[in-house]
Amino acid sequence: MTQGRHRHVERVSVIMPFYDTRPEFMREAIESVLSQTFRDWRLLLVDDGSAEGSSSVARSYASIHDAKVIYLEHPGHRNRGQSASRNLAIEHARGEYLAFLDADDIWLPHVLEEQVGLLTAHPEAGMLYGNTLYWHSWSGDPASRDLDYVPYLGIPSGTVVDPPRLVPLLLGGKAAVPCPSAVTARRAAVEQVGGFVESAPRPNEDQFFFAKMGLHFPVLVSDRCWTLYRQHAGSVSGPQSAVYQRENRNTYLNWLDSYMLAHGMDDHAVRSALSREHWKLRHPASARIMRIGRRLVLRTLLGRPKAR
């Protein structure tokens with residue numbers, strides 16, 4: 001089902017899947033798109049089988065802003081997951097660029113203006129991502145302000161990372177995994193890699209997509225903080241058991257092995273990073289001891305007084 005009028009081809013198609021998102025969060029997310037300084041966009045709201053609360057919010061915005069906001073759902077109002085929902089939006093997108101925003105996050109007003117400008121200035125880049133505020137203080141609790149933080153990206157701002165160099169950096173934890181709400185990509189590039197992997201397990205499905213993009217296209221990295229990534233108990237990326245995390249990690253590594261084999265890719269850096277990550281999963285105790293050792297060495301080196 002699609003609700004909304006198709007009046008023109010937008011420059012940016014904004015993709016927002018949702019599943020039983022709290023209505024107040026969803027309204028804030030949608031309003032942050034409506035408040036963008038860059039106006040040539042269309043918002044695709046994808047209902048992943050939600051109950052009436054968030055569904056009615058989406059339908060209401062699509063009705064009021066019928067030229068700018070489109071409501072989509074899976075046949076039979078089924079719940080098919082974030083990756084399938086994003087792929088449904090990609091099928092209906094017509095913009096040159098695809099921008100992703102989760103339904104409980106918020107964009108700052110200049111996100112699209114700056115990202116479109118950067119991608120225009122770097123036509124070689126298939127994807128762009130920036131930094132993100134991990135946002136605890138939305139709750140209004142004064143104690144939560146100290147929990148807000150912006151991660152260290154691990155890649156100098158303004159760098160265009162040629163394929164497949166981003167993949168081993170993400171695998172080894174040398175670069176921070178992007179927040180999906182800070183990502184904009186060229187639609188042609190996303191379509192070329194086949195969009196999102198619908199079989200990928202939650203909450204790591206984004207990493208499968210980032211790996212495909214990083215293997216095939218240059219990726220532009222910016223330290224600009226464009227997104228407020230709301231931290232709350234109902235978040236898809238909330239706490240997971242250690243066993244579940246290991247199983248998901250193993251699924252991801254095995255998928256990446258198979259993907260590279262299927263596409264005839266045999267990059268040494270990626271293969272080495274994959275081997276190290278497989279080893280860590282097979283020897284968790286040894287890997288933990290090595291991590292602790294590295295931290296102690298770093299603390300010793302950083303705490304050592306400078307030579308005179």
Side-chain angles (χ1 to χ4, degrees), residues 10-16 32-33 36-41 86 89-90 93-102 105-134 150-197 204-229 256 259 263 265 267 269-270 273:
E10 69 277 8
R11 186 88 185 277
V12 181
S13 298
V14 181
I15 294 175
M16 185 188 297
S32 77
V33 179
Q36 289 297 301
T37 55
F38 181 89
R39 301 303 303 163
D40 193 3
W41 54 261
R86 286 173 175 151
I90 292 167
R94 297 178 302 169
E96 178 183 356
Y97 304 112
L98 303 177
F100 301 95
L101 177 61
D102 287 348
D105 296 341
I106 290 178
W107 273 346
L108 298 179
H110 51 275
V111 171
L112 292 182
E113 181 178 357
E114 294 190 3
Q115 289 191 343
V116 168
L118 285 169
L119 284 170
T120 301
H122 293 275
E124 73 279 17
M127 187 177 85
L128 157 73
Y129 69 87
N131 215 331
T132 302
L133 174 71
Y134 281 66
V150 175
Y152 171 65
L153 287 180
I155 298 173
S157 184
T159 300
V160 177
V161 186
D162 291 327
R165 287 177 48 226
L166 180 64
V167 177
L169 293 175
L170 295 178
L171 274 173
K174 295 177 181 178
V177 176
C179 172
S181 297
V183 171
T184 293
R186 298 186 193 277
R187 179 163 62 94
V190 174
E191 291 175 342
Q192 185 172 323
V193 302
F196 287 78
V197 179
N204 299 335
E205 59 260 69
D206 304 318
Q207 294 188 39
F208 291 65
F209 173 71
F210 297 146
K212 290 203 292 183
M213 294 297 289
L215 285 170
H216 291 281
F217 294 100
V219 176
L220 174 60
V221 180
S222 172
D223 65 358
R224 296 285 295 170
C225 186
W226 287 308
T227 308
L228 306 183
Y229 180 21
L256 187 52
Y259 184 88
H263 289 79
M265 297 178 172
D267 181 79
V270 178

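In this chain, residues are counted from 1 in sequence order. Just so you know, these numbers use all the heavy atoms, side chains as well, and skip hydrogens, waters and symmetry mates.
A distance of 10.0 Å separates CG of Leu118 from OG1 of Thr184, quoted to the nearest 0.5 Å. Once rounded to the nearest 0.5 Å, the distance linking CG of Leu171 with CD of Gln207 reads 8.5 Å. Rounded to the nearest 0.5 Å, atoms NZ (Lys174) and CD1 (Ile155) are 11.5 Å apart. Distance check, rounded to the nearest 0.5 Å: CZ of Arg187 to CD1 of Ile90 gives 10.0 Å. Distance check: Leu215 CG to Leu256 CG gives 6.0 Å after rounding to the nearest 0.5 Å. Rounding to the nearest 0.5 angstrom, the gap separating the CD1 atom in Ile15 from the CG atom in Asp102 is 11.5 Å.
Between Trp107 and Val14, some side-chain heavy-atom pair lies under the 4.5 Å cut-off. A 4.5 Å side-chain heavy-atom check between Leu228 and Ser32 finds every atom pair outside the cut-off. Looking only at side-chain heavy atoms (C-beta outward), Ser181 and Tyr229 stay at 4.5 Å or farther from each other. The closest side-chain heavy-atom distance from Met213 to Tyr129 is not below 4.5 Å. Under the 4.5 Å side-chain criterion, counting only non-hydrogen atoms from C-beta, Tyr97 is not in contact with Gln115. Between Asp206 and Arg86, some side-chain heavy-atom pair lies under the 4.5 Å cut-off.
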(message) Phe217 vs Arg186, test: side chain to side chain contact (heavy atoms under 4.5 Å, CB included). Steps then yes/no.
(response) CA-CA 10 Å; Phe217 294 100; Arg186 298 186 193 277; over 6 Å; no

(message) Let's go through Val219 and Arg165 carefully: what are the C-alpha distance in whole Å and the side-chain angles of both, what is the deciding distance for side chain to side chain contact (heavy atoms under 4.5 Å, CB included) to 0.1 Å, and is it a yes or a no?
(response) CA-CA 9 Å; Val219 176; Arg165 287 177 48 226; over 6 Å; no

(request) Decide yes or no on side chain to side chain contact (heavy atoms under 4.5 Å, CB included) for Met265 and His216, but give the supporting numbers first. (result) CA-CA 10 Å; Met265 297 178 172; His216 291 281; 3.1 Å; yes

(request) Could you walk me through whether Leu166 and Phe210 pass the side chain to side chain contact (heavy atoms under 4.5 Å, CB included) test, one step at a time? (result) CA-CA 9 Å; Leu166 180 64; Phe210 297 146; 5.7 Å; no

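Closest of all the heavy-atom pairs between Val167 and Gly214 is CG2-C, 4.0 Å. The two residues Pro163 and Pro218 come nearest to each other via the heavy atoms CD-N, 3.6 Å. Smallest separation of non-hydrogen atoms from Val150 and Cys225: CG2-SG, 4.2 Å. Between Thr120 and Arg11, the shortest heavy-atom contact is OG1-NH2, 3.5 Å.
A donor-acceptor contact shorter than 3.5 Å links the side chain of Gln36 to the backbone of Val111. No side-chain donor-acceptor contact under 3.5 Å links Ser222 to the backbone of Gly130. At distances below 3.5 Å, not a single donor-acceptor pair connects side-chain atoms of Trp41 with backbone N or O atoms of Gly95. In this structure, the side chain of Asp40 does not engage the main chain of Val12 through any donor-acceptor pair within 3.5 Å. Side-chain atoms of Thr132 never come within 3.5 Å of backbone atoms of Thr227 as a donor-acceptor pair (strictly under, hydrogens ignored).
Within the 6.0 Å centre-distance limit, the rings of Phe100 and Phe196 are counted as a close aromatic pair.
Looking at Glu114 and Trp226, their side chains do bring a donor and an acceptor atom within 3.5 Å of each other.
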